[in-house]
Amino acid sequence: MESAISSPLSTSSHLLPSPSRSSLGSRSQSFPSLPNLRCPSFKSRCFLGIPFRSRQTQPIRCQSSNQQPAKDDGFVIEDVPHLTDFLSNLPSYPNPLKQSQAYAVVKQTFVSTDDVVAQKVSDPFPRFQKREKKVVVQKDDPRGVHFRRAGPREKVYFKSDEVRACIVTCGGLCPGINTVIREIVCGLNYMYGVEDILGIEGGYRGFYSKNTLRLTPKVVNDIHKRGGTFLRTSRGGHDTNKIVDNIQDRGINQVYIIGGDGTQKGAALIYKEVEKRGLQVAVAGIPKTIDNDIAVIDKSFGFDTAVEEAQRAINAAHVEVESVENGVGIVKLMGRYSGFIALYATLASRDVDCCLVPESPFYLEGRGGLFEFVEERLKENGHVVIVLAEGAGQEYIAQEMQAVDGKDASGNKLLLDVGLWLTEKIKDHFTKVQKMAINTKYIDPTYMIRAIPSNASDNIYCTLLAQSAVHGAMAGFSGFTVGPVNSRHAYIPISRVTETQNTVNLTDRMWARLLASTNQPSFLEGNELHERVDKEDVDVINHNMRATSI
């Protein structure tokens with residue numbers, strides 16, 4: 001699998017045309033002819049140069065040295081904005097890392113301007129090219145979508161003693177937030193000599209509420225050992241003009257924003273307003289969600305910690321129900337729209353009999369229903385453990401309670417407690433209908449999991465995210481977010497991580513592994529599955545079945 005690609009440009013090539021950026025979320029653009037762009041000779045494919053000043057999202061076509069049109073290899077780079085896009089005369093400076101003792105032993109201190117990271121190879125079937133799934137690379141596959149590789153650049157666009165940076169955290173809690181804060185502060189100070197760093201307290205409202213805290217490596221030294229956020233947080237409160245006014249009044253020129261989907265959309269608006277006003281302000285987003293539902297990136301920070309901590313709740317439920325007759329344990333985990341925590345916690349535990357996620361509808365009564373499965377497991381083992389994500393079964397509860405849709409300050413749908421609902425449903429069914437005594441144990445560790453410090457794996461991951469964000473801001477990139485793509489950290493346009501959500505794919509092998517591990521029913525027959533899952537997934541299944549039968 002190809003993770004990073006270096007694409008040197010021919011010495012005879014000119015800069016690609018750079019059309020004006022109409023919006024932060026600009027997508028791929030085609031260039032009909034690039035007569036001066038030539039392909040160097042490589043064994044397996046054409047590696048194309050990506051000039052540093054061509055920062056548009058664009059497919060690039062190459063031509064051979066005899067000027068005969070070459071086959072379009074499907075190379076696309078989805079680039080991020082740069083301050084020089086609207087400040088053309090902005091001076092650059094040598095990167096202070098040239099003098100860094102830490103980087104003195106690194107063979108290649110700086111990332112090449114042509115280094116990109118492959119998100120995926122475009123689907124060989126054109127109708128599926130908009131899909132965001134990574135696929136296994138085959139010999140003749142198009143090269144697909146790429147992002148600019150994260151890391152330090154040889155030139156920076158800020159003098160260290162002129163930087164005034166700020167950090168803000170928004171939205172719900174998640175293990176690892178304090179580690180990200182710490183590493184941004186230490187990265188700015190230790191790597192680039194920046195000493196003027198502010199913490200904006202209380203989320204976006206803190207910008208115009210004048211709530212700030214001076215941050216130094218000493219102040220943040222041990223905050224990674226605590227849960228929550230050192231800077232405090234809130235939902236909502238985003239007022240773009242007020243925020244940018246405050247940024248301008250305070251002389252802030254680097255903004256680091258840690259938050260989820262709604263927070264990153266706010267970061268995109270801040271960048272657009274900064275661009276509109278022509279300010280030399282770099283806006284960097286660090287995506288945060290414990291649910292692991294952020295698109296494009298491999299995973300979100302805090303997810304590993306959440307899966308690990310969930311084991312304690314599952315183990316407690318298992319001990320409880322194993323110690324009584326006909327014990328039924330129900331554990332509710334985070335997962336508003338995506339059931340990744342429930343899925344991975346179930347696979348890690350091996351004590352779970354059934355996992356319910358928002359992506360997979362289930363039913364209670366009748367043949368193949370949950371009640372029947374629970375009864376079978378009670379007869380076989382004398383106990384049963386069910387893990388469910390908080391977003392599972394919401395349509396059933398809403399129908400029964402005639403609930404009115406409500407949203408929190410971040411715009412998230414308010415969820416009803418599916419754990420309590422399911423506990424009562426199972427209890428009523430077996431005591432009243434089956435005339436069978438059962439012992440139910442319901443555990444909701446949601447806030448316990450959110451509030452703990454990050455584990456070792458997430459601490460390392462948070463360090464990489466923070467340092468990548470710092471390198472990107474110092475290099476003059478803006479309106480970007482950071483994260484691993486195919487195991488390589490990259491700079492991604494904010495619009496790409498907010499336009500859709502990452503959800504459990506019911507036709508993916510990971511869900512099949514869970515069903516094989518728990519031996520639970522899928523609750524959906526073949527025809528129902530075709531109706532419920534994404535139509536494109538179904539088409540892929542049908543195509544694969546036809547290909548296999550040939």
Side-chain (Asn486) to main-chain (Gln119) donor-acceptor, under 3.5 angstrom: yes
Between Asn455 and Ser457, a side-chain donor and acceptor under 3.5 Å: no
Any donor-acceptor pair under 3.5 Å from Thr463 side chain to Asn459 backbone: yes
Note: Asp417-Lys332 ion pair, threshold 4.0 Å (strictly below): yes
Verdict with reasoning, Arg153 to Thr113, per side chain to side chain donor-acceptor pair (under 3.5 Å): CA-CA 8 Å; Arg153 266 53 180 179; Thr113 57; over 6 Å; no
Test item: Lys288 side-chain N/O and Gly172 main-chain N/O as donor-acceptor pair under 3.5 Å: yes
Geometric class of the Tyr344/Phe340 ring pair [parallel <30°, tilted 30-60°, perpendicular >60°]: tilted
Side-chain donor/acceptor of Asn246 to backbone N/O of Tyr208, under 3.5 Å: no
Plane angle bin for Tyr396 and Trp421 - parallel if under 30°, tilted between 30 and 60°, otherwise perpendicular: parallel
Electrostatic pair Glu78-Arg496, nearest N-O below 4.0 angstrom: yes
From CA spacing to verdict: ring pair (Phe, Tyr, Trp, His ring centres under 6.0 Å), His471, Phe477: CA-CA 9 Å; His471 291 316; Phe477 294 113; over 10 Å; no
Check: Asp261/Thr498 side-chain N/O donor and acceptor closer than 3.5 Å: no
Distance-only side-chain donor-acceptor flag, Asp291 / Ser338, under 3.5 Å: no
